[in-house]
Amino acid sequence: MVFDNSRGFAQQLDQHDSLKSFRDRFYIPIAHGKDSIYFNGNSLGLQPKTVQEHVINELENWANYGVEGHFHGRNPWVNYHDAFPKKLAPIVGALPEEIVVMNQLTVNLHLLMISFYRPGEKRYKIICEEKAFPSDQYAIQSQLELHGLNPADALIEVKASKGEHSIKNEDIIAAIKKHGDEVALVIIGGINYYSGQVFDMKAITAAAHEVGAFCGFDLAHAVGNIELKLHDWNVDFACWCSYKYLNSGPGSVGGAFMHQRYIADKSMLRLAGWWGTDKHERFQMKKEFNPIPTAEGWQISNTQVLSMAPHLAALDIFAEAGFEKILEKGRKLSAYLLFILNEINSASSKKIIEIITPQFENEHGCQVSMLVLENGKEIFEFLNKNGVIADWREPNVIRVAPVPLYNTFEEIYQFGEIIKKYLPATTKENINV
Ligand SMILES: Cc1ncc(COP(=O)(O)O)c(C=O)c1O
């Protein structure tokens, strides 16, 4: 599509946007007396207006029924989590029985590593991307230590080439091949939180399997943002949070995926708890743990109803909007943002912003990360003063993510104008005037 950097063009895109009515379903934070330009859905998605009703409903059930709320009310709590796998299946590209909603991301990563990281004498190494989100690094290091291994020896971090910001998929695959039968596990962020780079999950999984290793992904920045086909890609396991692109609220409940080939395997080692045991036997208080033969067999504790209520409200909006349409608009929004930033850069006599997110359509999601080469914090604060809620990552990266359910093309145009306002003295146009 040929884009134009003008308000009229952006407004036209908004007029033809089949998802435009969904913005009204969200509370847009106010900045300086008017709607902010909220480009922070990669960090915390906005609150759907239906969330309050969902939470109040459960509070009322608790007030009205007490413990009987497990069996009464619109969504009895004993089965509350049953609603999620079907709703998440199209979003993560999995069978419902491969999905479980529970805990939070890092907790789930630990639980999955208990099952999928079984180091032996020779096969004990873990491969991950350099500068993975710190929580993943800590989880991996502590799992190695749990097995008495030294991260300096057992952890291989694949780096970006010198002067580059993205890690080549080929380099990850080459590292897997190089370490071959020493590799026990490959763990990569489906989208790197810092650069916004999407990794080739299918090819990385195939390479891991070729050397006999398991492969899992942290999908915090991928779920609800890009197309995922976890089942078809043969991914062994994955975990995600629901508070970014899934708009389910701060610290809300996370999710996990295990491939169909493992879910009914009772011999898989896991940290067990009563909520993972056969549903019919749960209240028989038996001594033996008899896991549910689906991903739900990895549950430990009972349902986090008050954190699941916003998740349910948010996923209903995804179903109503249609995930295909969400993806299509997301691609268009990020393409327009990249077009505008590239235009600002090429008009500028001095390059101040370097886009570090890969620009090919299948290598990024909604997020665009900008390395600010000068006065980074000042630009970030300037954006803030002008109503843009973006995200700052040390030492000098601003992350912005226009998201399909509540952002508009006109906001992207406005964002470009605000950046230009910061750079007036340095743009060629102004120099020529
Ligand atoms: C890529 C990534 N992994 C892990 C986490 C940690 O998630 P949690 O605090 O839900 O465990 C985050 C949080 O933002 C993240 O961005």
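Each ligand, and each atom within it, is numbered from 1 in the order the structure gives. Sequential numbering from 1 along the given sequence is applied to the chain's residues.
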Shortest protein contact, [atom] (heavy atom only):
atom: atom 14 (O) of ligand 1; answer: Lys244 NZ, 3.0 Å
atom: atom 11 (O) of ligand 1; answer: Thr106 OG1, 2.5 Å
atom: atom 16 (O) of ligand 1; answer: His221 NE2, 2.9 Å
atom: atom 12 (C) of ligand 1; answer: Phe133 CE2, 3.3 Å
atom: atom 7 (O) of ligand 1; answer: Tyr243 OH, 3.0 Å
atom: atom 1 (C) of ligand 1; answer: Asp218 OD2, 3.3 Å

Salt bridge check: are Asp316 and Lys87 linked by an N-O gap of less than 4.0 Å? yes
Strictly below 4.0 Å, N to O, side chains only: are Lys49 and Glu53 in salt-bridge contact?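 Glu53 and Lys49: not salt-bridged.
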Below the 3.5 angstrom mark, is there an N/O of Ser135, backbone or side chain, next to an N/O of ligand 1? no
Backbone or side-chain N or O of Gln104 under 3.5 Å from ligand 1 N or O: no
Any donor-acceptor N/O pair, Asp236 side chain to Gly216 backbone, under 3.5 Å: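 No; judged by distance alone, with no hydrogens or angles, the pair does not exist.
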Trace of the side-chain hydrogen bond (donor to acceptor under 3.5 Å, both in side chains) decision for Glu98 with His231: CA-CA 8 Å; Glu98 293 173 316; His231 178 85; 2.7 Å; yes
